[in-house]
Structure formats: C-alpha cells, structure tokens
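Chain identifiers are assigned alphabetically (A, B, ...) following the order of the sequence lines, protein sequences preceding nucleic acid strands; residue numbering begins at 1 within each chain. Computed from heavy atoms alone, side chains included, the values below leave out hydrogens, waters and symmetry copies. What you see is a predicted model; the values in this text were computed from it and never measured.
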2 protein chains.
Amino acid sequence: MPYSYEYPHPAITTDIAVFSLHQQQLQLLLVRRGQSPHKGKWALPGGFLEIDEDLDSCAKRELKEETGAADLYIEQLFTFGHPERDPRERIISVTYFALAPADKLTIRAGSDAAEAEWFPFDTLPELAFDHADIIQLAKERLAAKTLYSTIAFQLMPETFTLSELQSVYEILRGEALDKRNFRKWILSLNQLEETGGKRRNGNHRPAKIYRAISPGRVDIIR
Amino acid sequence: MPYSYEYPHPAITTDIAVFSLHQQQLQLLLVRRGQSPHKGKWALPGGFLEIDEDLDSCAKRELKEETGAADLYIEQLFTFGHPERDPRERIISVTYFALAPADKLTIRAGSDAAEAEWFPFDTLPELAFDHADIIQLAKERLAAKTLYSTIAFQLMPETFTLSELQSVYEILRGEALDKRNFRKWILSLNQLEETGGKRRNGNHRPAKIYRAISPGRVDIIR
DNA sequence: CTTACTAAGTGTTAAGTGTACACTATAGGC
DNA sequence: GCCTATAGTGTACACTTAACACTTAGTAAG
C-alpha cells in the first residue's frame, strides 16, 4: 500500500457509452465483466484513471483497451458520484458518450474485459453498477443533440446517401420524416457535398453519394 | 498519513460558479484564498469532497461554508481534470453553476475563505487555478439555457414586474428586446401569474407584480 | 389644479419559416 | 420491353417571428 494520504481519497474511473447504428437499430457497446464485483454482468467499457493522465485520454485509452474502438467522436457526459455506487470503495465515475460510424463497428475484446459486444438499445441485458442510469442520460443527450447540431454525421461512414442519412435521423428521433423536407433541410445546412459517385443498391435507380464537408466537426445549427 | 491505497488516487473537489444580477450587471461570487497555493488570489468557492458525501451535497456545503449562500438553484457543469491544474497534487474538480436571486445577495465570508465578494462579470480579478476556464464555460451554459428553458426565473426574487424580468433577459442575452413581443412570449409560457399587487417605483405608472407559478422548477421550452 | 414627466401597458401587419403532399426518373431483373 | 423498387423533385398553406407607436396611470413641481 505505497500511496498514502492525510485524508481519504476516492478512486476515479471513466465509463463510456458508445452508440452506433446497425441493422436499422440503435446499438450500444458493452463489455462483460471478468472480475468481481458484478462478475459476469455486462457493463460500460471504462476503468481507473491513471495518476498523470487526462480524463479524456483515460476514456479513450480504456475504450481502446477493452473494445479496440479508437478515433471515435467522444464528449464528456456527466460525473456520477453517489457514495454507494460501487461496493468496493468510493468511486467517482466521469462518464462519456461516444459515437461509432457504421464502418467502424468491428470490435475485439481486450485483456481487461472478457468480451465486448454490441447490443440493440431496446434489449439491453442487466447492467452492473449504476450503468443503466448513465446509459439513459447518454441516450437523452444524443437525442437532444440531433435537434440542434450535426452530431448525427458522426454515426455515418465516410460516404453515404441522403436516404441512409434520413434513416439515421428517423431512428434517432423515433419518427418518420418527410423525404422532401428532410432533403431541403439537410442540404440547406451546407455541410454536405456530392462525391460525384452513385450507389447501386438493388434493382432501382442508384443514389447520389455524399460526404460531410468537415467530417470531424460537430456544429451547432438553428 | 492514515489513508493508504495500492494505486495513487487523485483528490476530488467541487467548485461552484454562482451568478446573480445586481445593478443591471451580471455578477459572479468569488472568495479570496487564505492559503497557498494562489494565496490572496480570488477563486470560485469550493473545496474537497468528503469520503461519504454526494457530489451535489459537497457543492452545496462548500458554498454555504465559504459564502453563506444556501437554497440556490444549482446544477452540475463539467468535470475538469487536467493533470497539472493544481500544483499540490492531482485534483479533479467537479464544477457546478448556481444562480442567486436578487433578494438573496447577502453573503458572508466563512471560516475557510478570508473574504467572499460579488464581482461584475466584465471586470473579474485575476483568478486562481483554471477557474477562468470554468467561469467561461458556466457563462456559456447560462446564456444557452436562457434560450430554451425558464432558467432565468432562478435569478428573480419571489415577485417581480415584467419590466424587471425583461431587463434580466436583456442582460443575459446582451441585446435589447421588444417590449410587446417579450410580454406576449413570456406570458404565453404560462409560467407566470399576477399577484394582484402593483409596484410604485418612481413618478410614473405602477407595474403589475408577477410571480413564477413553480418557482423551484426549470422547464424546457420551445 | 394644471402641467410636465416617466415608465407601464397594449395590437396589427408583413416577412419568413415549417409542414403537408404526389408524381417522375432511373436502374436491375425477368 | 415491361415490372418493380428506390431516388429525386416543387408548391401551397398555416403558423411563427419580428417590426413598429401610441395611450395610460402614476409622481412632482409650479
């Protein structure tokens, strides 16, 4: 026990709620806990902060170690610190939410976590700790942000069609959108450009392919 | 040094940016540091988390201890954790922002802080640690929230006139508002009721007095 | 008591934005 | 060449937002 303090110190973790879209459903990335407490239960990827490491770096590192996911859009969500939230010791969790585009879905389980897997958001397994609360909050933040920012682009692969983009918005908002109004609106943002290519996707007219003009950015709109 | 851990643990603090309106200006509550580091500099009220204390409770307790302010609207803002942000040891700060109505401006310095004082937001003194960043973020959050919530009511005393309320919105948004449009809009929210009283405030027609229907609540509007 | 002064209070109109809605175009498969 | 499926396009109406000026009710001074 080499680290001593005059007053008791909590431990700090980061936990990350990673969303993606797959098979027309919102998906969440979970890892199965290999150790007590809650051994065998599913949980958000995350882990303890190293003492000289920035919070954001910790979130990205843990995500990569446990699931292989890297280079995702990520932002701080909220800090959970109820005294009883972890049975081991006092642990404060700085939580994040992240978005994975459809072409970065491939994950691999890391050394810390036995397994990593995508779950449809509507049918999540039982979750460890207070992770269900974290996920709930992350979903609300994501839904709210689709209304006033270009955050949904972060769920898209590098190129996509307007129909594919509309489908993403429909899933996130949970309602059907008018095709003409959607196209007028999304193009009026001046955030998309045509690649010139077309996508043949069945026995029907092919769709123009678009890409985001600034793929890394999330702009506030309206 | 009675508290030992196998791995190093950061310390946790809460820091609170309290805003108010006074003399037609946005004001921020600061305390002068009585101890090193940054002794003598002004800083946000705040302090260390106790080991069995909730984060929100810690913020409220520190605020009361250092400034006497209590029963304010308060919400979590962001968690700052850059490894070098405090020269003593690794300290993670869970920050809050709070709003004080004009009739709760009276403060008193507590035991931990030598002095507590309101400063006009435009002329803040030099600040300790990364508190300038925290304040900047808090101001942005406050400005954004006036656009889509009833948060501005938290800056009002129990009763007020529509002109006073309009003045608050004008200060927060930094622009003049049309009187008729403002009144139409604010009354259409159905969040205000007349008390029946009138306020004589000079040599002119007295104003009707209003109060918030649910003073504690902040509702999302639009 | 009359007048001057000051902030409170009140409606209408034009411009702009959002919403509803149906048909044509272009490819593949048979 | 005919069928089928998704891509792609424009207009009319309703509603919301923004601009704008005068009357009212009190105080104070002469």
Side-chain angles (χ1 to χ4, degrees), chain A residues 21 23-24 102 144 146-150 152 156-157 159-211 219-222, chain B residues 21 23-24 102 144 146-150 152 156-157 159-211 219-222:
Chain A
L21 285 167
Q23 295 174 326
Q24 300 289 87
T146 58
L147 295 175
Y148 65 87
S149 80
T150 59
M156 305 306 294
T159 63
F160 47 85
T161 69
L162 292 187
S163 294
E164 287 163 356
L165 185 58
Q166 181 176 344
S167 164
V168 167
Y169 272 91
E170 286 176 335
I171 295 167
L172 292 176
R173 296 196 186 163
E175 60 181 349
L177 301 174
D178 180 85
K179 194 201 282 194
R180 280 169 290 192
N181 293 338
F182 176 78
R183 284 166 188 243
K184 237 180 309 175
W185 171 71
I186 203 82
L187 292 175
S188 77
L189 301 179
N190 294 316
Q191 298 276 351
L192 297 179
E193 60 185 3
E194 296 184 26
T195 64
K198 296 193 172 187
R199 176 162 304 167
R200 273 169 294 277
N201 204 17
N203 51 343
H204 52 79
R205 179 173 177 173
K208 288 182 188 169
I209 299 179
Y210 288 81
R211 88 177 121 234
D219 289 306
I220 303 300
I221 53 183
R222 289 205 177 188
Chain B
L21 284 166
Q23 294 174 325
Q24 299 288 87
T146 58
L147 296 174
Y148 65 87
S149 80
T150 60
M156 305 306 293
T159 62
F160 48 84
T161 69
L162 292 188
S163 294
E164 288 163 354
L165 185 58
Q166 180 176 345
S167 165
V168 168
Y169 273 90
E170 288 176 333
I171 293 166
L172 292 176
R173 296 195 186 166
E175 60 182 350
L177 300 175
D178 179 86
K179 193 202 282 196
R180 280 169 289 191
N181 292 339
F182 175 77
R183 283 166 187 245
K184 243 179 303 176
W185 171 72
I186 202 82
L187 292 174
S188 76
L189 300 179
N190 294 317
Q191 298 276 350
L192 297 178
E193 61 185 4
E194 296 185 25
T195 63
K198 296 193 174 189
R199 176 161 304 166
R200 273 169 296 278
N201 203 19
N203 52 342
H204 51 80
R205 179 173 177 174
K208 287 184 188 169
I209 298 179
Y210 288 82
R211 90 177 118 234
D219 288 306
I220 303 300
I221 51 182
R222 289 205 177 184

Rounded interatomic separation in angstrom, taking CD from B:Glu175 and C1' from D:dT17: 14 Å
Over how many whole Å does the gap from B:Lys179 atom NZ to D:dA21 atom C1' extend? 11 Å
Atom CG of B:Asn203 to atom C1' of D:dA29: distance rounded to whole Å? 11 Å
Side chains of A:Phe182 and A:Asp178, heavy atoms from C-beta outward: is any pair under 4.5 Å? no
Please report the distance, rounded to the nearest Å, between CZ in A:Phe182 and C1' in D:dT9. 16 Å
Taking atom C1' of D:dC15 as reference, at what distance in whole Å does atom NZ of B:Lys184 sit? 14 Å
Please evaluate the base of D:dA19 for a donor-acceptor partner in the side chain of B:Asn181 within a cut-off of under 3.5 Å? yes
Roughly how many Å is it from CZ in A:Arg199 to P in D:dG8, rounded to a whole number? 11 Å
Atom-to-atom span, CD of A:Glu164 to P of D:dT6 - whole angstrom: 13 Å
So, is A:Ser163 near the phosphate of D:dT6, with a side-chain N or O under 4.0 Å from OP1 or OP2? no
N or O in side chain of A:Arg180 less than 4.0 angstrom from C:dC21 OP1/OP2: no
pair A:Ile209-A:Glu194: side-chain heavy atoms closer than 4.5 Å: no
Atom-pair distance (CH2 on B:Trp185; P on D:dA19), nearest Å: 16 Å
Hey, does A:Ile186 have a side-chain heavy atom less than 4.5 Å from the side chain of A:Gln166? no
Can you find a donor-acceptor N/O pair under 3.5 angstrom joining the side chain of B:Arg205 to the base of D:dT24? yes
Could a donor-acceptor pair under 3.5 angstrom be found where the side chain of A:Asp178 meets the base of C:dC21? yes
Do the side chains of A:Leu189 and A:Trp185 get nearer than 4.5 Å, heavy atoms only? yes
Test item: B:Glu170 side-chain N/O and B:Glu175 main-chain N/O as donor-acceptor pair under 3.5 Å: no
Any donor-acceptor pair under 3.5 Å between the side chain of A:Lys208 and the base of D:dG8? no
